[in-house]
Amino acid sequence: DQQVKQNSPSLSVQEGRISILNCDYTNSMFDYFLWYKKYPAEGPTFLISISSIKDKNEDGRFTVFLNKSAKHLSLHIVPSQPGDSAVYFCAAGYNNDMRFGAGTRLTVKP
Amino acid sequence: ETGVTQTPRHLVMGMTNKKSLKCEQHLGHNAMYWYKQSAKKPLELMFVYNFKEQTENNSVPSRFSPECPNSSHLFLHLHTLQPEDSALYLCASSSDRVNTEAFFGQGTRLTVV
């Protein structure tokens, strides 16, 4: 039962352009959402989060949007840089449970 | 360096072996977790410890046995594993409950032969 889905396994964008990573969830109980970035041979590192009482959270080049009615979450990276190339995981949680998506591999081309 | 250290980084074990994975954090966090990442699958939360007490066990087989002797250390004891248990095992910690920013270790790549 995959409650958090990232339907695009990969995304390729040009340096300087916008990267949009998408995530859908099915459980309306989720009240906290996070994005993690993972480089090869490293554990995931926290990027940005949003609680269910908000619909947008911004941190520098990274913005997370939450559409609760559509149960949809997106991460915007503007402008994209080659160092942003990594696998991005979205995660959703409530109480003591946390569910992750399968990840989207972002490649930013110079 | 996230402040969460896992050892060993790689482990190959036979199905009859007993081994343990170790995780250590000195971030002052009160919650620690074990996650499993199999190839092409999402991260799966296995165990949650809050203030050294296990608060969650997501239907994990008994051949995986966690231990949390103090809030800085977490172990995952392995015995009679199956080849399908081969995966990347990640430890994480956070300040309190699981729904907050977690700091992950680099993981242990486990291969069961």
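To find a chain, count down the sequence lines: A is the first, B the second, and so on, and within it residues start at 1.
Residue A:F89 holds its CZ atom at 4.5 Å from CD of B:Q37, rounded to the nearest 0.5 Å. We find the OG1-CD distance between A:T45 and B:E101 to be 9.5 Å, quoted to the nearest 0.5 Å.
Note on A:L11: it does not cluster hydrophobically with A:I20, by side-chain heavy-atom contacts below 4.5 Å among ILVMFWY residues. Linking Ile, Leu, Val, Met, Phe, Trp and Tyr whenever their side-chain heavy atoms come within less than 4.5 Å leaves B:V48 and B:W34 in two separate clusters. In this structure, B:L45 is not a member of the same hydrophobic cluster as B:Y49, with clusters built from ILVMFWY side-chain heavy atoms closer than 4.5 Å. When the side chains of ILVMFWY residues are joined at heavy-atom separations under 4.5 Å, either directly or via intervening members, A:I48 and A:L73 end up in a single hydrophobic cluster. Transitive grouping of hydrophobic side chains (ILVMFWY, heavy atoms separated by less than 4.5 Å) keeps B:L21 and B:F75 in distinct clusters.
With a threshold of 4.5 angstrom between heavy atoms, A:K38 approaches chain B through side-chain atoms but not through N, CA, C or O. Of the two parts of B:L90, only the side chain, counted from C-beta on, holds a non-hydrogen atom closer than 4.5 Å to a non-hydrogen atom of chain A. B:R9 touches chain A through its side chain: at least one heavy atom from C-beta onward sits under 4.5 Å away, while N, CA, C and O do not. With a 4.5 angstrom heavy-atom cutoff, A:Y36 touches chain B only via side-chain atoms.
Under the 6.0 Å cut-off for aromatic ring centres, B:F104 and A:F46 do not qualify, their centroids lying 6.0 Å or more apart.
Looking only at side-chain heavy atoms (C-beta outward), B:Y35 and A:M98 come within less than 4.5 Å of each other. Side chains of A:Q2 and B:P42 form a contact here, defined as non-hydrogen atoms less than 4.5 Å apart.
Chosen from A:P44, A:A102, A:G101, A:G43, the residue pairing most often with chain B at heavy-atom distances under 4.5 Å is A:P44.
Summarising the local packing, CZ of A:R61 is surrounded by more than 12 heavy atoms from other residues, nucleotides or ligands at distances under 6.0 Å. Within a 6.0 Å radius of NZ in B:K19, no more than 12 heavy atoms belonging to other residues, nucleotides or ligands are found.
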